[in-house]
Novice: 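Below you'll find the structure I mean.
What you see is a predicted model, and the numbers here were worked out from it, not measured in a lab. Along the sequence shown, the residues carry numbers beginning at 1.
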Amino acid sequence: MPDCDLLVVGGGAAGLAGAVTAAFHGLDVIVAEKAPVLGGATAWSGGWMWAPLNPLSQADGIVEDIDGPRTYLKHALGEHYDEPRVEALLQNARHMVAFFENHTSLQFVSGSWIADIQGDLPGAGTGRRSVGPKPINARRLRPQLRRLLRPQLYETSFLGMGIMAGPDLQAFLHATSSVRGFAHAAWRVAFHVFDLVTARRGMQLVNGPALIARLVKSADERGVRLSVSSRAIRLTTDGAAVTGAVLATPDGEVTVRARRGVLLAAGGFPNDVQRRRELFPRTPTGAEHWTLAPPETTGDGVGLGESVGGRFDTALASPAAWCAVSLVPYRRGRVGVYPHIVDRGKPGLIAVLSTGKRFVNEADGYYQFTTAMIAEAPEGEEVMSWLICDHAFQRRYPFGMAKPFPVPTWPYLRSGYLTKGRTVEELAIRCGIDPVGLATTVAEFNRYARLGEDPQFHRGSTPFNRGSGDPEHGPNPSLAPLESPPFYAIKVRPGSFGTFAGLHTDPQSRVLDSAGTPIPGLYAAGSDQANVMGGHYPSGGINIGPAMTFGYVAGRHAAGVSRYESSTG
């Protein structure tokens with residue numbers, strides 16, 4: 001019977017962060033992952049994390065008081081502001097970054113341009129509260145470890161190659177208009193082709209894949225035992241205390257005894273259709289939702305916690321981290337899911353409902369966009385909207401899966417992913433949008449966009465909006481008229497990066513029962529933990545930042561460590 005000090009259920013960012021932290025402090029750790037690969041939803045994400053006051057920002061000369069992010073969250077979360085847990089996040093996130101930067105193979109880059117989403121609120125940051133993983137070549141990992149990495153999500157790649165937000169993405173966007181951009185893109189693509197020929201997979205890892213690769217490398221260096229295809233099917237207890245778990249493995253059921261406890265970090269329940277039906281708005285069967293999380297995320301961790309008395313907390317502003325997605329049809333019937341993150345804020349695009357009317361500031365966060373779509377889509381209709389752009393936009397910027405010039409659009413027109421019209425009215429008819437409503441909306445939008453104004457939704461008025469736009473376009477980097485035919489449309493639907501509802505925990509990541517008492521030996525982090533933001537989405541990276549932080553907190557608590565790491569380690 002295998003024994004350990006800490007058993008971690010789930011091999012995403014939260015679980016691996018807890019495992020590496022606990023192992024650094026001397027614990028014997030096992031990570032049990034249900035899937036045949038590690039990474040969970042993190043491996044398909046941008047990998048950025050919200051971690052205010054982090055040492056990278058301080059090294060850049062940005063020194064702010066903790067009252068800044070604290071004030072921002074008080075206003076952004078409102079009645080859902082959970083002071084003890086929010087304070088634990090704000091106090092520990094910077095130390096989490098310092099710990100991994102100084103003691104592990106996880107290294108970071110600073111998100112100097114990433115502003116908080118609700119820039120009109122007191123305390124909102126204009127940048128440098130976020131960090132992302134430094135890119136890594138997968139050849140730095142042992143071959144056995146490379147096989148454990150979840151591959152890059154194809155829909156968020158270029159020919160299977162990840163592109164990192166920031167300078168890397170900007171270079172690709174200007175590859176046809178800048179010598180430097182072309183040289184950078186050509187170099188990246190050439191090395192990617194080399195990797196495909198020599199290794200049969202992309203080896204230049206950025207974003208979420210880089211974060212997971214660096215965490216896996218760190219876990220391996222600390223002696224963490226990584227077990228894939230190992231689903232935790234029940235917890236073992238001694239009285240009220242959790243003492244381990246029974247795992248279903250390829251070799252049969254195995255009982256693991258965990259002397260210091262179990263950390264649940266199995267990725268929430270985005271693929272649990274029954275819970276979606278019960279909790280997600282305007283999702284009557286549970287199937288009217290398309291998640292970006294891997295299929296293995298079916299609520300195992302939440303269910304395990306409930307089985308020993310843990311309280312499932314649904315009293316949040318939203319049960320999930322919404323994101324607008326489009327469905328990408330491929331040959332042989334496969335359908336991909338594309339998250340609309342990059343395109344919505346660029347100048348020359350609008351979003352409309354079936355009425356042809358705009359319903360949101362398109363350059364706001366993906367959570368805010370999808371929340372508005374769910375609320376404003378006409379009753380009795382399927383929840384959906386359309387992104388609309390003209391020919392000039394489509395040739396200059398990514399438009400969903402369709403890439404800018406010189407990549408052709410005909411494969412997406414042939415598959416039906418893109419709809420095209422010679423006029424706005426023709427496009428509307430082909431999409432099933434009210435043609436008069438759309439023509440009126442475009443004319444009104446164009447009138448003000450030429451002046452860089454949006455009196456209806458004030459697009460481009462916040463640092464986040466402007467950062468999502470094109471810095472080379474003026475007078476407003478988020479606004480341009482739609483006036484160059486033909487016109488294009490993509491249908492978008494409600495999706496999510498993961499779930500917010502989860503197990504109620506205390507500031508030490510301990511799972512609480514219905515009386516608010518910690519269950520001995522049981523921790524939860526990531527999407528298995530009820531969202532510390534109360535179901536709000538005030539900034540990019542508020543999934544992975546808290547996941548990493550509370551995984552780190554759980555690992556330290558299990559190891560009996562109470563003091564904070566210093567900024568120098």
Side-chain angles (χ1 to χ4, degrees), residues 117 155 280-284 287-292 318 320-329 335-390 393-394 397-402 412 416-421 424-442 444-446 449 454 456-459 465 468 478-479 482 487-497 537:
I117 293 173
E155 283 73 28
F280 287 16
R282 303 186 69 171
T283 312
E288 301 86 357
H289 182 82
W290 292 266
T291 183
L292 290 151
S318 171
W322 306 127
C323 178
V325 303
S326 54
L327 305 184
V328 189
V335 177
V337 179
Y338 178 89
H340 287 271
I341 301 172
V342 174
D343 51 6
R344 291 179 297 100
K346 298 294 184 291
L349 172 148
I350 61 172
V352 300
L353 300 171
S354 61
T355 58
K357 296 180 179 180
R358 293 174 68 211
F359 60 95
V360 72
N361 178 339
E362 296 89 347
D364 274 350
Y366 32 80
Y367 172 90
Q368 285 77 12
F369 180 97
T370 311
T371 299
M373 179 170 63
I374 293 170
E376 299 298 328
E379 286 296 331
E381 294 185 11
E382 179 186 358
V383 178
M384 65 175 72
S385 63
W386 284 262
L387 299 181
I388 310 289
C389 76
D390 67 1
F393 179 100
Q394 198 283 317
Y397 306 111
F399 186 47
M401 276 292 289
Y412 301 106
Y417 177 73
L418 279 183
T419 302
K420 178 180 176 182
V424 168
E425 292 86 352
E426 181 180 283
L427 180 71
I429 292 169
R430 291 183 175 180
C431 292
I433 302 170
D434 176 17
V436 175
L438 182 59
T440 302
T441 294
V442 170
E444 183 75 1
F445 177 83
N446 287 352
D454 177 20
Q456 186 175 11
F457 292 109
H458 310 290
R459 182 164 151 190
N465 279 186
S468 300
S478 294
L479 289 174
L482 286 69
F487 300 90
Y488 299 89
I490 296 175
K491 182 186 293 185
V492 296
R493 297 171 165 89
S496 71
F497 290 111
Y537 211 104

Novice: Please name all residues satisfying side-chain hydrogen bond (donor to acceptor under 3.5 Å, both in side chains) with Glu155, sequence neighbours left out, ordered by chain then number.
Specialist: Tyr330
Novice: How close do Leu482 and Cys389 get, counting heavy atoms only, and between which atoms?
Specialist: CD2-CA, 3.8 Å
Novice: Checking Thr440 side chain against Leu438 main chain: does a donor-acceptor pair fall under 3.5 Å?
Specialist: no
Novice: Distance from Asn361 atom CG to Ile117 atom CD1, nearest 0.5 Å?
Specialist: 11.0 Å
Novice: Using a 3.5 Å distance criterion without hydrogens, assess whether the side chain of Lys346 forms a donor-acceptor pair with backbone atoms of Ser468.
Specialist: yes
Novice: Does the pair Tyr488 and Phe393 meet the rule for a ring pair (Phe, Tyr, Trp, His ring centres under 6.0 Å), with working shown?
Specialist: CA-CA 9 Å; Tyr488 299 89; Phe393 179 100; 9.8 Å; no
Novice: What pair of heavy atoms forms the shortest contact from Tyr417 to Gly400, and how long is it?
Specialist: OH-CA, 3.5 Å
Novice: What heavy-atom pair brings Pro347 and Tyr397 nearest, and what distance separates the two atoms?
Specialist: CG-OH, 3.5 Å
Novice: Residues in side chain to side chain contact (heavy atoms under 4.5 Å, CB included) with Asp434, at least two apart?
Specialist: Val436
Novice: Show your working on ring pair (Phe, Tyr, Trp, His ring centres under 6.0 Å) between Phe497 and Tyr366 and close with a plain yes or no.
Specialist: CA-CA 10 Å; Phe497 290 111; Tyr366 32 80; 5.0 Å; yes
Novice: Could you go through Trp322 and His289, starting from their C-alpha distance and side-chain angles, then the distance that decides it, and tell me whether this counts as side-chain contact (heavy atoms from CB on, under 4.5 Å)?
Specialist: CA-CA 10 Å; Trp322 306 127; His289 182 82; 3.5 Å; yes
Novice: State the CD1-CG distance between Ile350 and Asp390, to the nearest 0.5 angstrom.
Specialist: 10.0 Å
Novice: Minimum heavy-atom separation for Asn465 to Ala363, with atom names?
Specialist: ND2-O, 3.1 Å
Novice: Please check if the side chain of Thr291 supplies one atom and the backbone of Ser496 the other of a donor-acceptor pair under 3.5 Å.
Specialist: yes
Novice: Test of understanding: with side-chain hydrogen bond (donor to acceptor under 3.5 Å, both in side chains), list the residues that count as partners of Arg344, not counting sequence neighbours.
Specialist: none
Novice: So, for Pro339 and Leu292, which heavy atoms are closest and what is the spacing to 0.1 Å?
Specialist: CB-CD1, 3.5 Å
Novice: How close do Gly421 and Leu427 get, counting heavy atoms only, and between which atoms?
Specialist: N-CD1, 3.8 Å
Novice: CD of Glu426 to SG of Cys431: how many Å apart, nearest 0.5 Å?
Specialist: 10.5 Å
Novice: In Å, rounded to the nearest 0.5 Å, how long is the span from CD of Glu288 to CZ of Phe280?
Specialist: 11.5 Å
Novice: Could you give the distance from OG1 (Thr355) to CD (Glu376), rounded to the nearest 0.5 Å?
Specialist: 9.5 Å
Novice: Mind checking what makes side chain to side chain contact (heavy atoms under 4.5 Å, CB included) contact with Leu327, not counting sequence neighbours?
Specialist: Trp290, Val335, Val337, Arg493
Novice: For the pair His340 and Leu349, evaluate side-chain contact (heavy atoms from CB on, under 4.5 Å) and give the outcome as yes or no after the intermediate values.
Specialist: CA-CA 12 Å; His340 287 271; Leu349 172 148; over 6 Å; no
Novice: With no hydrogens and no angle check, is any side-chain donor or acceptor of Arg459 less than 3.5 Å from a backbone partner on Ser478?
Specialist: yes
Novice: Could you list the residues that satisfy side chain to side chain contact (heavy atoms under 4.5 Å, CB included) with Ser385, not counting sequence neighbours?
Specialist: Leu353, Phe359, Phe369, Met373, Val492
Novice: For Ala377, is there any backbone N or O sitting under 3.5 Å from a side-chain donor or acceptor partner on Arg282?
Specialist: yes
Novice: Got a second to check how far Asp343's CG is from Ile490's CD1, nearest 0.5 Å?
Specialist: 6.5 Å
Novice: Under the rule for side chain to side chain contact (heavy atoms under 4.5 Å, CB included), what residues qualify as partners of Ala402, not counting sequence neighbours?
Specialist: Gln394, Tyr412, Leu418
